[in-house]
Amino acid sequence: MERLATADEMRAYGTRLAARLRPGDLVVLSGPLGAGKTTLVQGIAEGLKVRGPITSPTFVIARVHPSLGEGPPLVHADAYRLGGDLEVDDLDLDASLEESVTVVEWGEGLVEGLSEDRLEIHIDRESGDDARIVTLRGVGPRWAGTEARTGADRGVDGGADTPSDPAEE
């Protein structure tokens with residue numbers, strides 16, 4: 001669990017996470033409206049060095065952001081308005097899964113069948129301030145050893161005790 005106090009910290013966390021992502025990775029984001037899911041994806045996109053801007057794909061449903069270098073493209077999808085598995089299938093996310101990093105907001109309970117390996121990230125708002133609590137859960141062999149705890153107990157002030165890689169344990 002990681003406590004992030006600002007949107008800038010959320011983007012920086014996403015940038016560090018991007019260093020661990022590779023083609024074929026599926027990242028499933030969950031959390032309430034306004035939790036910071038799109039802000040996290042902005043950081044991931046910055047770390048992957050893809051073409052932007054990164055905005056909530058709620059009405060477009062899915063966007064492909066090509067790499068500006070030699071890294072993988074980012075597929076950013078939003079399952080908020082999808083009614084079930086058939087509508088997820090209509091997006092053809094599996095068609096580009098192997099060569100892209102695919103991040104799906106609101107995908108919990110809908111996109112897990114796309115890959116046996118996935119990184120599930122839950123973002124929650126802390127009551128009383130703007131801080132967010134980020135919890136990771138790795139599923140499958142690709143993410144074996146990725147624990148829910150990512151260093152919150154070691155501080156988030158950017159000091160030496162803060163992990164440089166949010167998915168590393």
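The CD1 atom of Ile121 sits 5.0 Å away from the CG atom of Leu17 when rounded to the nearest 0.5 Å. Distance check, rounded to the nearest 0.5 Å: CZ of Arg118 to CG of Asp25 gives 12.5 Å. Leu4 CG to Glu126 CD: the interatomic distance, rounded to the nearest 0.5 Å, is 10.5 Å. In this structure, NE2 in His76 is found 8.0 Å from OG1 in Thr55, a value given to the nearest 0.5 Å. Put simply, CG on Leu40 and CD1 on Ile123 are 5.0 Å apart, with the number rounded to the nearest 0.5 Å. With rounding to the nearest 0.5 Å, the separation of OG in Ser67 from CD in Glu99 is 12.5 Å.
Judged purely by atom type and a 3.5 angstrom limit, His65 uses its side chain to pair as donor or acceptor with the backbone of Arg51. With hydrogens and angles ignored, the 3.5 Å screen pairs a side-chain donor or acceptor of Thr15 with a backbone N or O of Gly43. Lys37 places no side-chain N or O within donor-acceptor distance of the main-chain N or O of Trp106, the cut-off being under 3.5 Å.
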- Message: Pair Arg137, His122 - check side chain to side chain contact (heavy atoms under 4.5 Å, CB included), show working.
- Response: CA-CA 8 Å; Arg137 181 168 105 70; His122 182 77; over 6 Å; no
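Looking only at side-chain heavy atoms (C-beta outward), Ile44 and Ile54 stay at 4.5 Å or farther from each other. Proximity of Glu9 to Arg132: side-chain heavy atoms (C-beta onward) are nowhere separated by under 4.5 Å. Contact of the Pro32 side chain with the Arg125 side chain is registered, since non-hydrogen atoms from C-beta on lie closer than 4.5 Å.
When all heavy atoms are compared, the tightest approach of Asp129 to Ala131 is OD1-N, 2.9 Å. Of all non-hydrogen atoms in Val101 and Pro72, the two that sit nearest each other are CG2-CG, 3.8 Å. Here the closest non-hydrogen pair linking Arg142 and Asp117 is N-OD1, 3.0 Å.
Under the side-chain hydrogen bond (donor to acceptor under 3.5 Å, both in side chains) criterion, Asp8 pairs with Arg11, sequence neighbours left out.
Applying the side-chain contact (heavy atoms from CB on, under 4.5 Å) test between Val103 and each of Thr38, Leu74, Val28 identifies Leu74 as the sole match.
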